[in-house]
Number of protein chains: 2
Amino acid sequence: MEDNPMADILEATHRALCRHGYADLTIQDIAAESAKSKATIHYHYGTKEALFSAFLDYLYDQYTAQIDAASGETPLKHLHSLLDILLWNPTEPAKQAFQTAILEVKAQAPYDDSVQEQLIEFDAYLSDRLQAIIEAGIQAREFNDEVDPSTAADFLTTIIKGAHTRQVTVNHPPEHLSVPMTDYIQTYLLANDPAEAPPA
Amino acid sequence: MEDNPMADILEATHRALCRHGYADLTIQDIAAESAKSKATIHYHYGTKEALFSAFLDYLYDQYTAQIDAASGETPLKHLHSLLDILLWNPTEPAKQAFQTAILEVKAQAPYDDSVQEQLIEFDAYLSDRLQAIIEAGIQAREFNDEVDPSTAADFLTTIIKGAHTRQVTVNHPPEHLSVPMTDYIQTYLLANDPAEAPPA
DNA sequence: GCCTTTTGACTAACTGGTTAGTAAGTACTG
DNA sequence: CAGTACTTACTAACCAGTTAGTCAAAAGGC
């Protein structure tokens, strides 16, 4: 399309992945989606494995950009903005197929060191960003300074990943997280003038 | 082995699943693991899909039994016992392969209604048991009666699933959950004589 | 002898990857 | 500018390997 065959193929991979899932993703599917022949895909990327590794790099850039797009006047608002992007946003059925395919890839990580290394970077980026927001909140005296930013960021990361997994496997809407998540932030993270502590 | 070919095949399926993973699980693998021929597997279970559906039923019984094995003198101890079983226990590398295979199955749920229905039962059983424990804790005045048992059980379920996903995909040890999880239970669930509230 | 269980041999479908070859554009050379 | 060499992009045809599922025949128990 845009006179860049390599990029075309990556975009076609994205579409084919959503349409067929990772387990059933064939070079032929990608070829069909890119209006090229199967051999052309091999010509540009060699093996299927090499293509997919390049695709994960391409996804990583999108992922970090999405996370960086979160913003807010205060650390608390920044945090909520990030949660919006990661939890309430991917409810759309269009992105649901993508979430499913990503979970398939995650499940393949233990069988493929290269994939696992790349997924670790995804995970670390999110966790690091969360930690930075929490540290900023503490510094601004908006968050409780007794909170350990690393532990709390790790906890939030686990919750987010759990929501994604349950959404894919049992169709559990991430909206259910809204109340307990807000409560957790309110009670744990915020620098409470010790007035009230409303539980879930 | 035990003069019950059907059961033998299910156990062989378990072993083959751990050894090869779900994506690479073939009837031939199961046959090899059961010391039977491929055709014999088909004779007893028909299609691969039917076999795997029966295998999930078999797993469900094990899963619920494992959850029911949790116990404690008080609801709080009961809850910690259950978390022990679900989080700190599956660290052993033997069970790690199994966790990985299960995540592969979870990722296939959206493509197979039958699998998804079965996985929903797994999820619901855990969430229901957690809810029952929380309700018992409230009734015993050990837990805060302002907590909504359904919401809290759902939150805990999501956290547990998130820990499993991260353990498989990025080798993240569930032990990291210990501190924030204990804090959450302490601060949220427990009926605090409003003395102290130590965050993470 | 009959009914269940088991098996080896086979097939149809599909997959990743290879190869020989085409077409079009670019760079170099005299 | 004409001709040649080289490169990029692409393709149809093909290959080797794998897999779920079938089937007729053999083995085993009662």
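Naming convention: chains lettered A, B, ... in sequence-line order (proteins, then strands); numbering from 1 in each chain.
For A:Tyr125 and A:Glu121, the side-chain atoms include no donor-acceptor pair closer than 3.5 Å. A donor atom on one side chain and an acceptor atom on the other are found under 3.5 Å apart for B:Gln131 and B:Glu135.
Going from atom CD1 of B:Ile30 over to atom C1' of D:dT19 covers 12 Å, rounded to whole Å. Protein atom CD of B:Gln28 is 9 Å distant from nucleotide atom P of D:dT19, rounded to whole Å. C:dT6 atom C1' lies 15 Å from atom CE of B:Met6, rounded to whole Å. In this entry the distance linking CD1 of B:Ile27 with P of D:dA20 reads 6 Å, nearest Å. Atom-to-atom, CG of B:Leu25 to C1' of D:dA20 comes out at 12 Å; the value is rounded to the nearest Å. If you measure from atom NZ of B:Lys36 to atom P of C:dT6, you get 6 Å, rounded to the nearest angstrom.
Here the closest heavy-atom approach between residue A:Ala153 and residue A:Ile134 is recorded as N-CD1, 3.7 Å.
Taken over five-pair windows at either terminus, the axes of the helix from C:dG1-D:dC30 to C:dG30-D:dC1 are inclined to one another by 20° (rounded to 10 degrees).
Residues forming a ring-ring contact (aromatic ring centres under 6.0 Å, His included) with B:His78 (at least two apart in sequence, or on another chain): none.
To the nearest 0.5 angstrom, A:Leu177 atom CG is 6.5 Å from A:His172 atom NE2.
Within 6.0 Å of CG on A:Asp113 lie no more than 12 heavy atoms contributed by other residues, nucleotides or ligands.
A salt bridge does not link B:Lys106 to B:Asp123: none of the charged side-chain nitrogens sits closer than 4.0 Å to a carboxylate oxygen.
DNA chain C lies under 4.0 Å from at least one heavy atom of each of the following residues of residues 37-52 of chain B: B:Ser37, B:Ala39, B:Thr40, B:Tyr43, B:His44.
By the 4.5 Å heavy-atom criterion applied to side chains, B:Leu156 and B:Leu79 are counted as neighbours.
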